[in-house]
A.B. asks: 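Can you read through this structure? Questions will come right after.
Atoms within each ligand, like the ligands themselves, are counted from 1 in listed order. The chain is numbered in sequence order, starting from 1. No hydrogens, no waters, no symmetry mates; every other heavy atom, side chains included, goes into these values.
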Amino acid sequence: MNQILPLVKKLSDTHSLELSEYEELILNRNSESERQLRNLAVSVRHEIYGYDVYVRGLIELSNICRNDCLYCGIRRSNTNCDRYRLTPEEIIACSDEGYELGFRTFVLQGGEDSFFNDDVLGGIVREIKARHSDCAVTLSMGERSYESYKYLRECGADRYLLRHETANREHYMKLHPQSMSYDNRMKCLHELRELGYQVGCGFMVGSPYQTVKTLAEDLKFIEEFKPEMCGIGPFIPHKDTPFHDYPSGTLELTCYLLSIIRLIHPPVLLPSTTALGTIDPLGREKGIMSGANVVMPNLSPVRVRKKYELYDNKICTGEESAQCRECLSRRMKSIGYEVVVARGDIIR
Ligand code: SAH
């Protein structure tokens with residue numbers, strides 16, 4: 001019955017499988033393969049990162065977006081979205097507050113809002129780096145030009161998160177409007193790497209039209225690209241998007257894939273995401289216990305939290321930043337882990 005256990009062993013020994021083997025590993029998932037992958041993933045994670053959990057302070061700059069991704073609640077076509085944009089001063093203030101709370105990485109994320117051109121965004125990055133020189137700044141502001149990425153890097157940005165969303169071209173086209181392309185997404189990821197960013201890719205688990213084959217392609221892409229970071233979380237429908245009737249991705253498959261990704265690329269910085277915490281009250285704990293080593297609590301001002309609604313019922317929209325930070329520290333302690341005050345760079 002357990003023909004897949006040799007695949008688990010091969011993955012753990014060689015950090016690589018054939019596409020068809022990844023498919024088999026996903027297709028024939030059972031409680032024994034889940035258990036073995038989880039144990040192996042957690043043990044390599046402990047070898048590299050011990051029981052440390054890195055925190056990133058997430059600042060959601062703006063929900064104004066020129067793109068129209070079919071899954072996303074802040075897509076341009078959503079006229080029910082109550083739009084906001086933080087001022088540079090507010091963003092800097094969030095980073096100051098975060099620093100006091102022990103954050104040493106700030107993630108500036110937002111829709112593709114033209115207000116945040118190179119001058120404005122570059123100025124914010126410079127200011128945060130000047131005030132907090134021991135901190136890393138991560139950008140997650142979507143697709144930009146090579147020149148823009150280059151300039152922002154020169155301003156001091158250290159890392160860039162740009163989920164590839166799916167490594168299958170046809171699937172990519174079903175998730176995005178015609179104006180967006182798989183090729184450009186991939187081009188951006190390669191340019192970011194070339195410019196010396198620590199790069200994060202990733203995808204949603206259970207997105208519409210995802211198949212075992214497209215997931216295997218995601219895993220192969222991760223194996224080959226070897227990103228410094230990899231963000232995966234369940235797809236969760238948003239009521240005002242074309243995908244409102246599709247089911248959410250599952251906790252079980254997300255955790256299974258977290259373990260596999262840890263084994264494919266042992267040093268990867270792997271967040272246990274807010275989306276995972278949204279579909280299960282203990283989702284983030286379970287993600288860590290599957291091999292993840294990063295959590296990303298929210299540092300945005302409380303008054304805008306609810307508005308950065310990528311999917312329905314997003315958690316942590318009511319608490320102050322200090323409470324979020326406290327709550328996560330407590331949750332990590334409860335499973336034997338510790339949130340640390342550190343930049344949390346990749347350990348090779
Ligand atoms: N504009 C930036 C940031 C996007 S938001 C960019 O393009 O990279 C960050 C991530 O949230 C997206 O990459 C996507 O994978 C995820 N996301 C968006 N809508 C979602 C949904 N309905 N369910 C789960 N995750 C979602």
Side-chain angles (χ1 to χ4, degrees), residues 56 58-78 81 83 85 107-116 121 138-144 148-149 152 157 159-167 171-172 174-177 179-182 184-189 191-192 197 199-210 214 218 227 229-251 253-254 257 271-280 283 287 296 298 300 307-315:
R56 318 307 192 188
L58 183 63
I59 307 174
E60 298 156 337
L61 309 194
S62 167
N63 68 358
I64 297 170
C65 191
R66 66 183 160 85
N67 271 335
D68 217 18
C69 306
L70 278 77
Y71 44 83
C72 185
I74 65 168
R75 65 199 300 267
R76 179 184 67 215
S77 301
N78 182 7
C81 178
R83 307 284 169 175
R85 170 189 291 149
V107 180
L108 309 186
Q109 187 179 85
E112 295 194 13
D113 176 352
S114 58
F115 172 80
F116 290 100
L121 192 56
T138 305
L139 297 176
S140 177
M141 298 293 292
E143 298 176 17
R144 303 174 76 99
S148 173
Y149 288 147
L152 294 167
R159 309 186 186 129
Y160 207 103
L161 298 177
L162 186 74
R163 290 187 175 182
H164 65 287
E165 311 297 358
T166 171
H171 186 207
Y172 191 92
K174 291 181 181 162
L175 298 178
H176 298 97
S179 56
M180 293 178 72
S181 80
Y182 171 82
N184 198 54
R185 201 79 178 173
M186 289 295 168
K187 177 166 160 273
C188 287
L189 282 168
E191 289 176 348
L192 289 163
Y197 283 93
V199 184
C201 65
F203 59 93
M204 294 173 287
V205 178
S207 62
Y209 310 106
Q210 185 173 71
T214 66
D218 288 321
M229 294 104 61
C230 183
I232 73 161
F235 161 76
I236 303 173
H238 185 289
K239 58 183 180 329
D240 300 315
T241 64
F243 292 159
H244 61 93
D245 274 339
Y246 283 84
S248 294
T250 65
L251 174 86
L253 184 56
T254 305
L257 291 166
S272 190
T273 59
T274 304
L276 196 54
T278 299
I279 58 163
D280 185 296
M296 299 173 66
N298 204 309
S300 311
K307 299 181 185 176
Y308 196 80
E309 198 187 38
L310 308 179
Y311 46 82
D312 289 337
N313 306 316
K314 190 176 150 205
I315 55 166

A.B. asks: Between R144 and E191, does any side-chain N to carboxylate O distance fall below 4.0 Å?
C.D. replies: no
A.B. asks: Does the side chain of Y182 come under 3.5 Å of the side chain of H164 through a donor N or O and an acceptor N or O?
C.D. replies: no
A.B. asks: For Y149, which residues count as a ring pair (Phe, Tyr, Trp, His ring centres under 6.0 Å) partner, sequence neighbours excluded?
C.D. replies: Y160
A.B. asks: Once side-chain hydrogen bond (donor to acceptor under 3.5 Å, both in side chains) is applied, do any residues pair with Q210, and if so which ones, sequence neighbours excluded?
C.D. replies: none
A.B. asks: With the side chain counted from C-beta on, respond yes when D245 and F243 share a heavy-atom pair under 4.5 Å apart, and no when they do not.
C.D. replies: no
A.B. asks: At a heavy-atom distance under 4.0 Å, which protein residues reach ligand 1? Sort them by chain and number, would you?
C.D. replies: Y71, C72, Q109, G110, S140, G142, L162, R163, E165, R185, M204, P234, F235, I236, Y308, L310, Y311
A.B. asks: Output all residues satisfying side-chain hydrogen bond (donor to acceptor under 3.5 Å, both in side chains) with D240, sequence neighbours left out; order by chain, then residue number.
C.D. replies: N80
